[in-house]
Trainee: 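Pasting a structure below so you can have a look.
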There are 2 protein chains.
Amino acid sequence: MQGPRTVAEQVANVLREAIASGTIKAGTSLRQDDLAEQFGFSRMPIRDALRQLEAEGIVSIHPTKGAQVARMDSAEISEIYALRELLECEALRLSLPNLAGDRLDEAEQVLDQIDAERNVGRWGALNRAFHLALYDACGNNRLLALIEAHHNAADRYVRILLSNLDYRSRSQTEHRDLLAACRRRDGDRAIGILRQHLREGSETLVSAIREDGLSRKS
Amino acid sequence: MQGPRTVAEQVANVLREAIASGTIKAGTSLRQDDLAEQFGFSRMPIRDALRQLEAEGIVSIHPTKGAQVARMDSAEISEIYALRELLECEALRLSLPNLAGDRLDEAEQVLDQIDAERNVGRWGALNRAFHLALYDACGNNRLLALIEAHHNAADRYVRILLSNLDYRSRSQTEHRDLLAACRRRDGDRAIGILRQHLREGSETLVSAIREDGLSRKS
DNA sequence: GCATGGATATATGTATGCCTGTATATGCAC
DNA sequence: GTGCATATACAGGCATACATATATCCATGC
């Protein structure tokens, strides 16, 4: 596994993490000159990085007006979660018959890691790792890429969820229920749990955003 | 409706159309210098355009190795059609209850246009317009964007399909059946027809690609 | 006092040049 | 004769410089 080969990729990775972790807030305008100076590179790789992040739906670019961290209101969060439900339930349905036992063991280890992890910033990645492990055998790489893209797009909001201790506890319970259903090869039950899991996440997140006022327009 | 605001967008549009129409074949390497000379601009807007097309999955870029028109083998075509089936059936299910009658009239006009159109290059766009008209009221903009992205990614292959007179005739019959089911507000039937329509397209296209050898690796 | 137009400033879009990395070909050694 | 190493060439990434568009502010006129 080799690291990023270009400066643009490095910049994109740093910005993605900064946005996901909340260091750079939604709506912040990302000026090419400022970023170039901060990173110590010219504007060109920064432009490439911003294009990359735009493709991922993390920033929005308007010609001659620059880039800013994409704002998501509760409606967009709902859309993303509706898509996650559609895509991930299908991936699980396709994957489960082909899912080897040791993959499930790996998924369980990830759950243990989540319980042990005290660094808030790691929860998002671990949460994603657990979900993707279950879908890994679905046989459709584009489907997996779409799922990962939606995880990335909503990452900074999911982290808000996961920083809520109560939600995190419920989430882990559901994760273990889901894993148990997968071990029993009970596809319908597993998909049902996953669907319920995502809907709870969506509802919790939407109400959290509404009261936090995170959706306010600048 | 204002046109492209930047050179990069214009270049991206021209390249997208050239690739979709088959003027630029799959696997062709897209050298920045050559394109810059052909278009009469510098390499920078060409770079931006290629990044944009990469995000759309139309070209693939490898650092220091340049860009080339993305090759799709039959497996990738199958993946795209599996996703189209998943996404479009869901969009239709969500849209149908909110779909106004005049929208259906518009869709029918598009079908008439397809029958009347003699320019092969227009069929792809009209075909897409018909499908999107049906999903328009689904209420999830991201879902619509994903569907449109998948239409674009497979466009040049769909055009191969549509240039087949026999397939085109069958396709139109299915389109009209689908429209009729929508008018009757028979959601299950409409989704069933759509699913069958997409599966036929996938199978026809996969076998066409296999025998045409379009998936050969340079 | 308000509105409109023009000018200026700022940030993005575009052009060009240089450097680095990779691939290929050739030569030498085994 | 084959394999490996080195050198050269080519293409892309990055930097610097220039052009353009847009927004804001100030001035002038009504």
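Below, chains carry the letters A, B, ... as their sequence lines are ordered, and counting in each starts from 1.
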Trainee: Short question: side chain of A/S95, backbone of A/L134 - any donor-acceptor pair under 3.5 Å?
Mentor: yes
Trainee: Within the distance-only criterion (no hydrogens, no angle test), does the side chain of B/T204 pair as donor or acceptor with the backbone N or O of B/E200 below 3.5 angstrom?
Mentor: yes
Trainee: Just the rounded figure in Å: distance from C1' of C/dA15 to CG of B/D33.
Mentor: 13 Å
Trainee: Tell me which of A/V7 and A/P63 sits closer to the 5' end of DNA chain D, going by the nucleotide each one is nearest to.
Mentor: A/V7
Trainee: Indicate yes or no: does B/E17 engage B/R159 in a salt bridge with an N to O separation below 4.0 Å.
Mentor: yes
Trainee: With the threshold set at under 4.0 Å for non-hydrogen atoms, list the residues of residues 43-51 of chain B touching DNA chain D in residue-number order.
Mentor: B/R43, B/M44, B/R47
Trainee: Reckon A/Q32 has a side-chain N or O less than 4.0 Å from the OP1 or OP2 of C/dG13?
Mentor: yes
Trainee: Output the rounded distance in Å from CG (A/L35) to C1' (D/dC14).
Mentor: 16 Å
Trainee: Within this structure, what is the CD-to-C1' distance between A/E37 and D/dT16, rounded to whole angstrom?
Mentor: 15 Å
Trainee: Does A/E79 use its side chain to pair, donor to acceptor, with the backbone of B/N141 at less than 3.5 Å?
Mentor: yes
Trainee: Need one value for A/A8: base, sugar-phosphate or nothing, where a base atom within 4.0 Å counts as base even if backbone is also close, heavy atoms only.
Mentor: sugar-phosphate
Trainee: On DNA chain D, check which nucleotide each of A/K65 and A/F41 is closest to and give me the residue with the more 5' one.
Mentor: A/F41
Trainee: Using modelled atom types only, decide if a donor and an acceptor are shared between the side chain of A/S207 and the backbone of A/E203 within a distance under 3.5 Å.
Mentor: yes
Trainee: So B/L15 and B/V59, side-chain contact (heavy atoms from CB on, under 4.5 Å) or not? Walk me through it.
Mentor: CA-CA 10 Å; B/L15 284 179; B/V59 310; over 6 Å; no
Trainee: A side-chain contact here means heavy atoms from C-beta on lying under 4.5 Å apart; do A/L198 and A/E88 qualify?
Mentor: yes
Trainee: Within the structure, does a side-chain N or O atom of A/R5 lie under 4.0 Å from either OP1 or OP2 of C/dT22?
Mentor: yes
Trainee: When you look for runs of 3 or more Watson-Crick or G-U pairs in a row, both distances below 3.5 Å, which of them include DNA chain D?
Mentor: C:1-30 with D:1-30
Trainee: Would the distance check show the side chain of A/D73 and the main-chain N or O of A/E76 forming a donor-acceptor pair, the cut-off being under 3.5 Å?
Mentor: yes
Trainee: Nearest to the A/T64 side chain among D/dT22, D/dG12, D/dC14, which nucleotide is it?
Mentor: D/dT22
Trainee: Could you pull out every donor-acceptor pair under 3.5 Å between side chains of residues 36-47 of chain A and any protein atom, sequence neighbours left out?
Mentor:
residue: A/S42; atom: OG; partner: A/M44; partner atom: N; Å: 3.4
residue: A/R43; atom: NE; partner: A/Q32; partner atom: OE1; Å: 3.2
residue: A/R43; atom: NH2; partner: A/Q32; partner atom: OE1; Å: 3.3
residue: A/R47; atom: NH2; partner: B/D48; partner atom: OD2; Å: 2.6

